[in-house]
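Protein chains get the first letters and strands the later ones, always in sequence-line order, with residue 1 at the start of each. None of these values were measured; they are calculated from a predicted model.
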Protein chains: 4
Amino acid sequence: MPTKKKPQVTASPERRRELLDTAAEVFAAQGYNATTVRKIADHAGMLAGSLYYHFDSKESMLEEILRTFLDELWSGYDAVLDAELGPRETLEALVTESFREIDRHRAAVAIYQKEAKHLAVQERFEFLAASQRKFEKAWLTTLERGVEDRNFRADLDIRLTYRFVRDTVWVAASWYRPGGQHSPEEIARQYLSMVLDGIAVRPT
Amino acid sequence: MPTKKKPQVTASPERRRELLDTAAEVFAAQGYNATTVRKIADHAGMLAGSLYYHFDSKESMLEEILRTFLDELWSGYDAVLDAELGPRETLEALVTESFREIDRHRAAVAIYQKEAKHLAVQERFEFLAASQRKFEKAWLTTLERGVEDRNFRADLDIRLTYRFVRDTVWVAASWYRPGGQHSPEEIARQYLSMVLDGIAVRPT
Amino acid sequence: MPTKKKPQVTASPERRRELLDTAAEVFAAQGYNATTVRKIADHAGMLAGSLYYHFDSKESMLEEILRTFLDELWSGYDAVLDAELGPRETLEALVTESFREIDRHRAAVAIYQKEAKHLAVQERFEFLAASQRKFEKAWLTTLERGVEDRNFRADLDIRLTYRFVRDTVWVAASWYRPGGQHSPEEIARQYLSMVLDGIAVRPT
Amino acid sequence: MPTKKKPQVTASPERRRELLDTAAEVFAAQGYNATTVRKIADHAGMLAGSLYYHFDSKESMLEEILRTFLDELWSGYDAVLDAELGPRETLEALVTESFREIDRHRAAVAIYQKEAKHLAVQERFEFLAASQRKFEKAWLTTLERGVEDRNFRADLDIRLTYRFVRDTVWVAASWYRPGGQHSPEEIARQYLSMVLDGIAVRPT
DNA sequence: GATGAATGAGAGTTCATTCAT
DNA sequence: TATGAATGAACTCTCATTCAT
C-alpha cells in the first residue's frame, strides 16, 4: 500500500517550523532519548497525538532538524570554500561561519554534538556521516595547505590539530546563549586569536 | 530483620568493578538513556535481573561510575594544586593529568561529557555540580594568576579562555582510544603547545 | 436549533451511495477493523474528516452497507418463498437468488461473511441475528419439506445439511469476481448440480 | 546490533503453548485486529507487558499459531498423499483428515479462514500462500485423476469443484465445537456423502 | 549469585471523531 | 461540502525493577 500516509510536507510550513523549533529546544535541553513526544507537545501547547498530524514520528522530527541545520551550514561553508582564499583566511572564515551557525541554530548544534556519533551508523542518518567526511576533508585540506604555505606550524600532528580546531569551536554550542554579551563574530575573533596565537604571552 | 536495602556492597568488589566497567563502556557507546539494563547484562554474560543483586538500580550504577571517576580525578588535581607551582606549570600539570584520566577512564569521561549537564540538576547528582564549581574555580584562579604574572595574555576574556581550555581538553575523550599511537603525555604536550602558542607560525 | 445530529440523510443520495460502495470495497478487501476511515477517504478522493458530513461514524457506514444488502436479499428471498414452489424448486431458486446477490453485492456479502458473527451480539446489529434466524427457518423448512416429499435424502442430519448448503453457497463470495467467465446463473447451476447430485459418477 | 533480543524459543515450551492456545481462542472469537494484547493477557491471567517476555509481538503469536497448525495439517496430508490411494479414497482421506484438524485446532482453523487471505500478501506470511498453492495442487490433481478414472463427473468445471469441496469442508470450523454430538469422523462421513452423492434422492 | 517470569508505568503511535473556517 | 488541525482514548510495545526459586 504505497499511498503516502502522512502529509510529510503539508501546506503551512510555518507551523511545521514552529513545532520543529520547539522540539529542537527540548531535544537540546534534555537529550533526544530522554525527551518524550508528550513533553514536546506540552511545550507546543497541544496533545502528543496531534504532533503526528504534522510529522511521521519523533525520529523524523530529529532528522528534519538536523538536515535543515546541515543544509544551511554547508551553504555557508561552500561559499567560503568556493572563494578560494588563502589557508589562514579560509580557517578564519570557517570558524566565523561556524559561530554564526551556532548563533542561529544553537539547539540543532547542541543536538548534533550529543547525538551525531551514535546516529550516524543508522541508514536514515547516513547524511550525518557524509557531512562529517566532507567536513573533515575541508578542514584537513585547509590545514595542509597552511602547513605548506608556512602559515601553520609543521611540527604538529595534523589530525590532532584538526580535532583540536573542530571541537574547540563546536563545543561552544553547549554553553553559548544567543543574545548574550558577545556577538558570534566577537567570540569567533577571540577563539581565532587563541587558536592561532595561543594564550601564552609571546616572548619579545 | 536487618536493613531492607539490597546488598549494595556485596562480597567481591572485583566483580562489582568488572560490571561497572562493562556498564560504563555501554553507557559511553550508546548513551545512558539509550542503554537498557539488558544490554549491560548481555555484555556481562548474565540476565538483566541478576544485576540487581549487585546494584540498586541503573541510576546507582551511573552514579558510582561518575563518582569513582571524579574521586580519582580530584586526587590527581589536588596533588597538582597543592604543589603550588607557577600558573603556567600548573596549567601544564592539570592538562597532563586530565589526559591521563581520559586514558584511564575513557568511558566515564565520555559519559560525563554527555550527561553531566542535565544530571547536575538532580539532587542525587549534586556532586557533579560541586565538582564543576571546584573545577571552574581552580582554572579561573590559575588563569588569573597567569595574567597577573604576565604568563598569559591580558587581552582575552578570561571566562571565554577558561571554557576554551576546559573544552579543548575534555572533548578529546570523544575520539581518544587507549592504546593508540599517542601516549596521553604526548597528546597533552601537543595540546599544550597549541593552547599556549597557537597553531600559526610565529613571525620571527 | 433543530436536531443536533449529523445530517444523516444529506442532499444527494447518489454521493452517499458512491461513498458506501467505496467503503464496502475497502472493508471487504482489508477487513472492517483494519480499515481506517482515512483509507476510505483516500479511495473517495477526500479527507477523513469530510466523511463525517455524510455519515455519523464508521460503524454507521458498516450498518448501512449490511442493512441495504440484507433488505435487497430478503426482497428476493421473500418473492421466492411466497411463490410456494416445491422444496426442490425452492432450493434451486434460493441458491440462484443467492448467487445473484453475490454478483450484485460482492463486497457487502464478503463483509457479512467475515464480520456478521461477532457483530450480531451488539444491539445495533441485532438485525443481523434476526436475519440469520429467518434465514435458518426458511432453509430448514424447505429441507424438511423436501425430506417429507422424498425429494431430499432422509439419512442425513438436517442441521448439518443446512449448514452445508448455506456455507457452500456464501463462501463463494470470497473468490467470486463479477464479470468473470461464469454468470451467476451458471455458477448456481453447477453448484446446485453438485449439491443435489454429488460429484461422484453414479453407478448405472 | 544482532544480539537476539527476545528468547524466541525459551525453555518451558508448555507455558508458550498454553499462552498460544489462549491467544488463538481470543483471535478466533474476536478477530485478530479486534483482539488487543490486553485481552489475551487478561485471559491468561497476566498483564499485557508480560506477554512480551514470551513473544516478540502480537504478530509473532499469530504467525506461530498458524505455522504450527499448518505444519501439523501437512504432516497429515502428506501421509495421505504418499499412500497413493485411488482418487476417491484420497478425497475421502483428505476430507476426514481435515475434519480431524478442525477438531484439534479449531481456533487456528477459524483464524486461518478469516485472516489468511489478507495476510498472505505480507512477506512474513508467505508460508500461507505457499501452503495454499500446495493445497490447490493436491486437490486439483486428485480431482483430475478422479475424472480420468471416471470416479468423478466429467461435466463439471474442475476449479469450481475444487473450490466447492475446499470451502465446504473448512467453513465447518466456523460452527464446529469440539466435544459436540458428532465426532469429526462422523461429520466427515456425512459431508463426504453429500459431496459425493448429493443431497437429492436418487431416482431408482 | 543467578534465573525465569512477572509487574506496572510509561513510551511512541494510531485513529475515530470533532469543529471552526 | 470539504479542509486542516486538533482531540483523546486506546493501542502495541519497552523497560527498570522485583522476587520466588
Side-chain angles (χ1 to χ4, degrees), chain A residues 5-7 10-12 15-16 19 33-41 44-61, chain B residues 6-7 10-12 15 19 33-41 44-61, chain C residues 6-7 10-12 15 19 33-41 44-61, chain D residues 5-7 10-12 15-16 19 33-41 44-61:
Chain A
K5 287 176 48 196
K6 284 289 158 56
T10 330
S12 76
R15 189 78 179 105
R16 219 182 154 68
L19 293 172
N33 278 301
T35 299
T36 69
V37 300
R38 273 171 185 82
K39 274 186 210 152
I40 301 173
M46 56 179 10
L47 290 178
S50 309
L51 283 172
Y52 289 79
Y53 181 78
H54 301 276
F55 305 99
D56 276 352
S57 65
K58 182 184 166 191
E59 204 180 54
S60 79
M61 292 190 213
Chain B
K6 272 283 152 56
T10 332
S12 69
R15 188 83 179 100
L19 292 172
N33 278 299
T35 299
T36 68
V37 301
R38 174 111 85 126
K39 275 184 208 151
I40 301 173
M46 54 178 16
L47 290 179
S50 309
L51 283 172
Y52 287 80
Y53 181 80
H54 301 276
F55 304 98
D56 274 354
S57 65
K58 182 183 165 190
E59 207 179 50
S60 79
M61 300 178 84
Chain C
K6 272 284 154 56
T10 333
S12 70
R15 188 85 180 99
L19 292 172
N33 277 299
T35 299
T36 68
V37 303
R38 172 111 85 127
K39 276 185 208 150
I40 302 173
M46 54 179 14
L47 290 180
S50 309
L51 282 172
Y52 287 80
Y53 181 79
H54 301 277
F55 304 98
D56 274 354
S57 66
K58 183 184 165 189
E59 206 180 51
S60 79
M61 300 178 84
Chain D
K5 287 177 47 198
K6 285 289 158 56
T10 330
S12 77
R15 189 79 181 105
R16 223 183 150 68
L19 292 172
N33 278 300
T35 299
T36 68
V37 298
R38 246 195 261 297
K39 275 186 210 154
I40 301 173
M46 54 178 13
L47 291 177
S50 310
L51 284 173
Y52 288 81
Y53 179 78
H54 301 276
F55 305 99
D56 277 351
S57 65
K58 182 184 164 190
E59 206 180 53
S60 80
M61 292 189 214

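- The two atoms that bring His54(A) and Arg16(A) nearest to each other are O-NH1, 2.8 Å, heavy atoms only.
- Taking atom P in both dT21(F) and dG1(E), the straight-line distance is 22 Å, to the nearest Å.
- Checking dG12(E), dA6(F), dA16(F) against every side-chain atom of Met46(A), the shortest atom distance belongs to dA6(F).
- OP1 and OP2 of dG4(E) both lie 4.0 Å or more from every side-chain N or O belonging to His54(D).
- Among dC13(F), dT13(E), dG4(E), the nucleotide with an atom closest to any side-chain atom of Leu47(B) is dG4(E).
- At the phosphate of dT7(F), OP1 or OP2 sits under 4.0 Å from a side-chain N or O atom of Ser50(A).
- The structure places CG of Leu51(A) at 10.5 Å from CZ of Arg38(A), a figure rounded to the nearest 0.5 Å.
- Distances were taken from every side-chain heavy atom of Tyr52(B) (C-beta onward) to each of dT7(E), dT17(F), dG1(E); the shortest belongs to dT17(F).
- The CE atom of Met61(D) sits 6.0 Å away from the OH atom of Tyr52(D) when rounded to the nearest 0.5 Å.
- Whole-Å rounding puts the Asp56(D) CG to dC13(F) C1' distance at 11 Å.
- In this structure, the CG atom of Asn33(D) is 14 Å from the C1' atom of dA10(F), given to the nearest Å.
- Closest to the side chain of Thr36(A), from the set dA2(F), dT17(F), dG12(E), is dG12(E).
- Taking both residues in full, the closest heavy atoms of Lys58(D) and Asn33(D) are given as NZ-O, 3.8 Å, listed atom of the first, atom of the second, then distance.
- Between the NZ atom of Lys39(B) and the C1' atom of dT14(F) there is a distance of 11 Å, rounded to whole Å.
- Set against dT3(E), dT17(F), dT13(E), the side chain of Ala48(B) has dT17(F) as its closest nucleotide.
- Axis angle between the ends of the helix from dA2(E)-dT21(F) to dT21(E)-dA2(F), five pairs each and rounded to 10 degrees, works out to 20°.
- Taking only side-chain nitrogens and oxygens, Arg15(A) comes nearer than 4.0 Å to OP1 or OP2 of dA6(F).
- Between the P atom of dT1(F) and the CZ atom of Phe55(C) lies a distance of 12 Å, rounded to the nearest Å.
- Distance from the side chain of Lys58(D) is smallest for dT12(F) among the nucleotides dT12(F), dA2(E), dG12(E).
- Regarding Ile40(B), its CD1 atom lies at a distance of 12 Å from the P atom of dC15(F), rounded to whole Å.
- Straight-line distance from the CG atom of Leu51(A) to the C1' atom of dG8(F): 14 Å, rounded to whole Å.
- With rounding to whole Å, Arg38(A) atom CZ is found 11 Å from dC11(F) atom C1'.
- Taking the side chain of Tyr53(D) as heavy atoms from C-beta on, and the options dA5(E), dA16(F), dT3(F), the nearest nucleotide is dA5(E).
- Toward the 5' end of DNA chain E, the nearer of the two residues Glu59(A) and Leu19(B), judged by each one's closest nucleotide, is Leu19(B).
- Here the shortest heavy-atom pairing between Met46(D) and Ser50(D) reads CE-CB, 3.8 Å.
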